[in-house]
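A quick write-up on the structure given underneath.
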Amino acid sequence: MSLLLALSVLTACGRKAEIAPMQGESPAAAPAALSKQAGGTESAAAEPAQQRYLALTHRYTIEAAPLRMRAVIDAHLARCRALDCIVQNESFTSPANDSLPNGHLAVRVARKQAAAFAAGLAGPDARVLRQMTDTEDRTLQVVDVEARIANLQQLRERLRALMGDARSGVKDLVEIERQLAETQGELDSLAAQRKVLAMETDRELFEIDYVAQRSAVERGMLDPVRDALLGVGHTVAGSLSALITFIAGAAVWLLPAWLLWRFLRARRRRDED
């Protein structure tokens, strides 16, 4: 019975320890505050700055000649594999009929090699049309998950110590094993969360869209034809607009004119009779 009581106290302490770091500014701030109260001589300026965990996403639009786009994508993939890089998604649509090719690439590059990868995106066959970077702060999530993992690991060790206690009865062992399995399950889930966060904060995501470069004929020679067609369209639209306006204006007088015609016709018939 005493072991069951101890087990319930340990479990409650473990759950309380998980929640406690969330009540302050951050789990990492709690040890610093306790140390400051014990010493009484540390100043706020002397406290080390908390490490920040940032998730960076770079979005690129790259223009390439239709016949060279596949080669450009392959070159970027080769550069990725030469670095500490993970390919998350790669796609390429070949030209068909009158459609132009297009492609997409999503890779995660180690932060220390992200600048080197970005520098190799532009080249003789590839032109960067636009680039933007999004930054998301994951610091609170990382600190919270790490604190919960540490607390659950301590709880797991206490439960394992109780498993080896010779005074434990069968009922106590069953309860301890149940609590140990729950604790291990929570630890596995948190470890998976931490792995995802590490992927987001230790590596920078590059989202690259590839678009086909227009030929000189498309850019220049056909422009007058396009302008002429647009001019015809504007002329037709203007004429149609004028016609609609005229019909709308005339419709206002149609009913009075018809009534007047009926009145005059009826009057003429009476005069003839």
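Values reported hereafter were calculated over all heavy atoms of this structure, with side chains retained and with hydrogens, waters and symmetry mates removed. Values in this document were obtained by computation on a predicted structure and should not be read as measured data.
- In this structure, Arg70 forms a cation-pi arrangement with Phe92, its terminal cationic atom sitting closer than 6.0 Å to the ring centre and no more than 45° off the ring axis.
- Checked against Thr57 for a side-chain contact (heavy atoms from CB on, under 4.5 Å), the options Thr133, Thr135, Leu205 give a single hit: Leu205.
- In plain terms, the two heavy atoms of Leu190 and Val145 that are nearest each other are O-CG1, 3.6 Å.
- With a 4.5 Å cut-off on side-chain heavy atoms, Pro101 and Pro66 count as touching.
- Within the 4.5 Å cutoff, no side-chain heavy atoms of Arg108 are placed close to those of Glu204.
- A salt bridge is absent between Glu175 and Lys171: the closest approach of a Lys/Arg side-chain nitrogen to an acidic carboxylate oxygen does not fall below 4.0 angstrom.
- When hydrophobic clusters are built by joining Ile, Leu, Val, Met, Phe, Trp and Tyr residues whose side-chain heavy atoms come closer than 4.5 Å, directly or via intermediates, Val196 is not grouped with Val142.
- Between the CG atom in Leu159 and the CZ atom in Arg178 there is a gap of 10.5 Å [rounded to 0.5 Å].
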Q: Decide side chain to side chain contact (heavy atoms under 4.5 Å, CB included) for Val211 and Ile62; before the verdict, give the C-alpha distance in whole Å, the side-chain angles of both, and the deciding distance to 0.1 Å.
A: CA-CA 6 Å; Val211 297; Ile62 292 181; over 6 Å; no
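- Side-chain contact check for Val107 versus Glu90: every heavy-atom pair is 4.5 Å or farther apart.
- For Glu63 and Arg127, the salt-bridge test passes: some basic side-chain N is under 4.0 Å from an acidic carboxylate O.
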Q: Could you walk me through whether Tyr60 and Arg130 pass the side chain to side chain contact (heavy atoms under 4.5 Å, CB included) test, one step at a time?
A: CA-CA 6 Å; Tyr60 282 80; Arg130 63 181 64 87; over 6 Å; no
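- Residues Phe206 and His76 keep their aromatic ring centres 6.0 Å or farther apart.
- Distance check, rounded to the nearest 0.5 Å: CG of Leu162 to CD of Glu157 gives 11.5 Å.
- Placement of Val128 and Val72 within a single hydrophobic cluster is found when ILVMFWY residues are connected by side-chain heavy-atom separations under 4.5 Å, directly or transitively.
- No chain of hydrophobic side-chain contacts below 4.5 Å, direct or via other Ile, Leu, Val, Met, Phe, Trp or Tyr residues, connects Leu129 to Leu121.
- Asp74 contributes atom CG, which lies 10.0 Å from atom CZ of Arg68 (distance to the nearest 0.5 angstrom).
- Checked by atom type and distance alone, the side chain of His104 pairs as donor or acceptor with a backbone atom of Ile208 at under 3.5 Å.
- A distance of 7.0 Å separates CZ of Arg111 from OG1 of Thr201, quoted to the nearest 0.5 Å.
- Under the 4.5 Å side-chain criterion, counting only non-hydrogen atoms from C-beta, Tyr210 is not in contact with Asn102.
- For Gln113 (side chain) and Asp84 (main-chain N/O), a donor-acceptor pair under 3.5 Å exists by modelled atom type.
- Salt bridge present: Glu136 and Arg138 bring a charged side-chain N and a carboxylate O closer than 4.0 Å.
- Contact of the Cys85 side chain with the Val109 side chain is registered, since non-hydrogen atoms from C-beta on lie closer than 4.5 Å.
- Here the side chain of Thr139 pairs a donor or acceptor atom with the backbone of Tyr53 at under 3.5 angstrom.
- Note that CG of Leu187 is 4.5 Å distant from CG of Leu152, once rounded to the nearest 0.5 Å.
- Residue Val87 is grouped with residue Met69 when hydrophobic side chains (ILVMFWY) are merged at heavy-atom distances under 4.5 angstrom, including chains of intermediate members.
- No path of Ile, Leu, Val, Met, Phe, Trp and Tyr side chains, each step under 4.5 Å between heavy atoms, connects Leu56 with Leu83, placing them in separate hydrophobic clusters.
- Here Leu155 contributes atom CG and Asn151 contributes atom CG; the two are 9.0 Å apart, rounded to the nearest 0.5 Å.
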